[in-house]
Amino acid sequence: MQHSSIHWFRKGLRLHDNPALLAAATDCCCLHPLFILNPSSSQAGTNAQRFLLDALRDLDGSLQKIGSRLFVVRGCPEEVFPSLFHAWGTTRLTFEVDTEPSARQRDATVAKLAAQHGVEVIQEVSHTLYDTERVLALNEGKAPLTYKRLQSLLATLGPPEKPAPALTQEHLQGCHTPCQASHDTDYGVPNLEELGQDPTNVGPHLYPGGETAALTRLDALMERTAWVCSFQKPRTAPTSLSPSTTVLSPYLKFGCLSVRTFWWRLDQVYQGQEHSQPPTSLHGQLLWREFFYTAGASIPNFDRMVGNPVCLQVDWDNNPQHLHAWREGQTGYPFIDAIMTQLRTEGWIHHLARHAVACFLTRGDLWVSWEEGLKVFEELLLDADWSLNAGNWLWLSGSAFFHQYFRVYSPVAFGKKTDRDGAYIRKYVPILKDFPAEYIYEPWKAPRAVQERAGCLVGTHYPQPIVEHGVASKRNLGRMKVAHARKGNKSPMRHQAHFTSSCHPSCLSLPQAPSESHWLVPQWPNHKGKSPRPRGSEPHKDIQAVVSYGSCTTCPVLTHFAQPPCINPFPSPSLRLATWLLPPPQKSTPTPSTCPKKVCHPSI
DNA sequence: CGCTTTGTTGGCTAT
DNA sequence: CATAGCCAACAAAGC
């Protein structure tokens with residue numbers, strides 16, 4: 001039987017490893033490669049749309065080389081297909097399985113329409129390493145919620161399938177694509193203006209879209225055997241001026257590159273070599289992708305908080321000003337602002353840079369819902385991938401998968417680890433480029449003269465920090481604690497929790513409050529050992545200080561030293577021990593509000 | 001793939 | 001030479 005096939009491209013914008021496309025070409029006399037452009041359904045920004053158009057042009061070019069063409073049709077699939085089936089005399093429709101809930105709904109509708117028109121439907125899995133349905137079935141229909149769990153499930157399935165051969169001219173022997181002279185005007189790939197995008201709005205064309213670019217990039221990376229084998233994601237730098245990771249993610253998102261092709265190419269490079277392992281290796285990265293795809297395919301309302309069974313319910317603030325400042329790179333934290341600028345202009349940022357800004361927006365500093373961040377990433381990232389985007393926002397906001405919410409990224413310290421001089425900031429926030437390294441991460445701390453010399457006054461040319469990280473992150477830690485406490489059927493928060501966010505731990509060991517003021521006598525262990533010098537004995541032996549109790553009845557306030565302090569007058573071990581000497585404080589219950597940091601922490 | 005504070009260790013210098 | 005003090009580097013704890 002000779003079919004008239006439509007292969008419907010959505011993701012999977014490639015000829016290699018495209019089993020559904022091969023199925024379309026089998027026993028086929030007439031092939032229509034189709035892409036349906038539905039601009040109203042896309043949240044993608046200008047850079048991402050350019051990437052898509054690149055990919056479509058590349059695909060059309062590749063199809064032309066083997067004697068076919070791409071048909072780009074505007075509209076929504078549910079409305080477009082009936083007329084296409086009719087006009088093209090279609091008997092078979094093929095497409096790649098898309099696991100996203102909205103896509104599945106769309107595809108179910110289209111499959112129904114096809115059945116009504118007597119059109120056979122063939123769907124093939126090739127966007128993920130494994131058939132997510134199979135993985136879910138292995139796990140009693142539920143998404144594995146840890147990476148380890150996924151790994152053990154996949155271990156029973158064995159390695160992923162090998163990629164299917166690329167479509168070639170030979171596959172299309174006797175198969176014809178009917179093309180009019182008016183093809184370009186009727187079905188051509190549009191440009192940005194036609195999509196309602198301002199073409200002057202695009203950034204540098206660093207990552208051109210398409211299968212050809214994807215395979216070229218893959219080839220170049222696979223040349224670097226040592227780099228591939230030693231790859232460990234946490235050791236790559238978010239501040240690198242040229243990407244320290246593969247930047248294959250945009251190509252994987254659109255399916256310009258097959259994940260199975262990538263997997264097996266890595267496997268080839270690994271052969272006979274010592275190499276890193278999941279989760280940090282490059283194979284490990286592809287498994288993370290699989291992890292979130294599996295989660296996104298089965299967890300209801302995966303991209304929302306409400307109605308999402310794995311998501312911590314948090315009382316995020318509605319704060320459009322903060323959200324806007326974050327999006328536009330105007331937070332006053334240079335590292336955050338640099339990352340957001342790179343995102344807006346180039347459409348790709350390093351994974352750890354995403355960590356830093358996602359944490360900052362949500363649980364770290366601004367306490368804005370991760371759903372808002374997700375929408376911004378959806379628009380600005382070339383690789384915005386529904387499952388990965390939602391999954392990682394859940395992760396970074398501490399809403400699911402990741403529960404150690406007290407691990408907060410510092411907008412100041414994190415970037416310094418890999419970029420002490422702030423070259424990354426200087427590149428993306430050039431107004432700060434002349435600040436000395438000492439102040440580049442915290443320009444507001446620079447003395448006026450330094451700011452003047454740098455040609456940038458904080459508060460005038462560059463914003464003051466919109467929040468004080470130290471204060472905001474501590475407050476948010478408390479709010480996360482509340483969210484977690486509400487979640488479980490655990491007992492109500494212990495009294496201690498009130499202290500710990502704002503008071504020195506040593507406060508807690510004071511049984512009762514004293515009536516007046518008291519001598520604080522540092523103590524230290526006796527050193528009778530044989531070591532020539534007792535380690536840890538540096539604290540001065542005879543320092544005494546006066547403490548009193550202010551408005552906070554449990555936190556001692558260091559009033560003054562009884563003797564002029566030496567250089568290191570009051571090291572903490574002494575203080576800890578000294579607190580034991582204090583008379584017990586009252587039993588009244590202080591709240592954080594009556595116990596501000598300043599009262600509890602004199603300049604000790 | 002967290003940060004900060006606190007604690008330990010060994011090297012070094014001045015006395 | 002023994003000792004006190006300082007420092008950097010690292011480890012551990014606690015949030």
Side-chain angles (χ1 to χ4, degrees), chain A residues 146-147 231-239 244-245 276 278-281 284-285 287-288 291 333 335 339 349-360 362-365 391-398 401-418 441-442 469-482 484 493-494 496-509 522 524-525 527 529-543 566-579 592 597 600-601 603-604:
Chain A
T146 66
Y147 190 85
F231 184 94
Q232 288 184 272
K233 187 65 158 283
R235 295 199 188 163
T236 58
T239 49
S244 59
T245 52
S276 52
T280 59
S281 65
Q285 303 313 299
L287 294 176
W288 277 117
F291 177 78
Y333 284 93
F335 183 54
I339 295 168
I349 51 179
H350 186 278
H351 183 66
L352 294 181
R354 303 180 196 203
H355 281 215
V357 295
C359 183
F360 187 87
T362 58
R363 67 188 169 88
D365 294 83
N392 279 300
W393 276 101
L394 283 162
W395 184 294
L396 265 303
S397 65
F401 308 118
F402 174 82
H403 308 287
Q404 288 158 301
Y405 55 86
F406 41 82
R407 291 188 184 176
V408 178
Y409 290 89
S410 161
V412 171
F414 190 63
K416 278 188 190 169
K417 282 197 291 192
T418 51
Y441 285 87
E442 308 169 273
H469 174 69
V471 175
S473 63
K474 279 190 190 69
R475 188 194 66 141
N476 294 348
L477 224 55
R479 294 175 80 168
M480 280 305 271
K481 211 171 274 185
V482 169
H484 277 274
M493 261 191 305
R494 281 171 308 147
Q496 277 194 349
H498 286 291
F499 294 97
T500 50
S501 61
S502 55
C503 300
H504 192 282
S506 61
C507 301
L508 297 175
S509 51
W524 62 96
H527 295 278
K530 290 162 199 161
S531 65
R533 173 174 60 87
R535 292 291 177 191
S537 68
E538 280 89 351
H540 298 260
K541 295 180 183 178
D542 298 319
I543 297 297
C566 301
I567 294 164
N568 183 16
F570 222 72
S572 54
S574 319
L575 177 61
R576 278 223 178 137
L577 288 162
T579 58
K597 195 182 166 195
C600 297
H601 295 267
S603 54
I604 293 176

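Proteins get letters first, then strands, A, B, ... in listed order; numbering begins at 1 in each.
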Quick check for you: among C/dC15, B/dT4, B/dC1, whose closest atom lies nearest to any side-chain atom of A/Phe406? C/dC15
Looking at side-chain heavy atoms only, is the closest gap between A/Arg235 and A/Thr280 below 4.5 Å? no
Base, sugar-phosphate or nothing for A/Phe414? Non-hydrogen atoms, less than 4.0 Å. sugar-phosphate
Taking CD from A/Gln404 and P from C/dA13, how many angstroms apart are they, rounded to a whole number? 15 Å
A/His355 side chain to A/Tyr409 side chain, donor-acceptor N/O pair below 3.5 angstrom: yes
Could you work out, with ring pair (Phe, Tyr, Trp, His ring centres under 6.0 Å) as the rule, every residue matching A/Phe401, not counting sequence neighbours? A/Phe291, A/Phe292
With a 4.0 Å cut-off on heavy atoms, is A/Lys417 in touch with a base, just the backbone sugar-phosphate, or nothing at all? sugar-phosphate
How many Å lie between NE2 on A/His351 and P on B/dG2, as a whole number? 11 Å
What's the CG-P distance between A/Asn476 and B/dC3, to the nearest Å? 16 Å
So if I take every side-chain heavy atom of A/Ser410 and compare against C/dC15, B/dC1, B/dT4, which nucleotide ends up nearest? B/dT4
Holding to ring pair (Phe, Tyr, Trp, His ring centres under 6.0 Å), I want the full list of residues that pass it with A/Phe360, two or more places apart in sequence or in another chain. A/Tyr333
Just compare C/dC15, B/dG2, B/dC1 and give me whichever is closest to any side-chain atom of A/Gln285. B/dC1
Note, A/Lys474 side chain near A/Leu477 side chain (heavy atom, < 4.5 Å): no
Grab the CZ-C1' distance between A/Arg475 and C/dC15 for me, whole Å please. 17 Å
Can you tell me the distance, in whole Å, between the OH atom of A/Tyr405 and the C1' atom of B/dC3? 15 Å
What is the distance from CZ of A/Phe335 to P of B/dG2, rounded to the nearest Å? 13 Å
From the options B/dC1, C/dC15, B/dC3, select the nucleotide whose nearest atom is closest to the side chain of A/Leu352. B/dC1
Length of the line joining A/Asn392:CG and B/dC1:C1', which is rounded to integer Å: 11 Å
Closest approach to the side chain of A/Arg407, judged atom by atom: which nucleotide of B/dG2, B/dC3, B/dC1 is it? B/dG2
Length of the OH-C1' vector between A/Tyr409 and B/dC1, whole Å: 4 Å
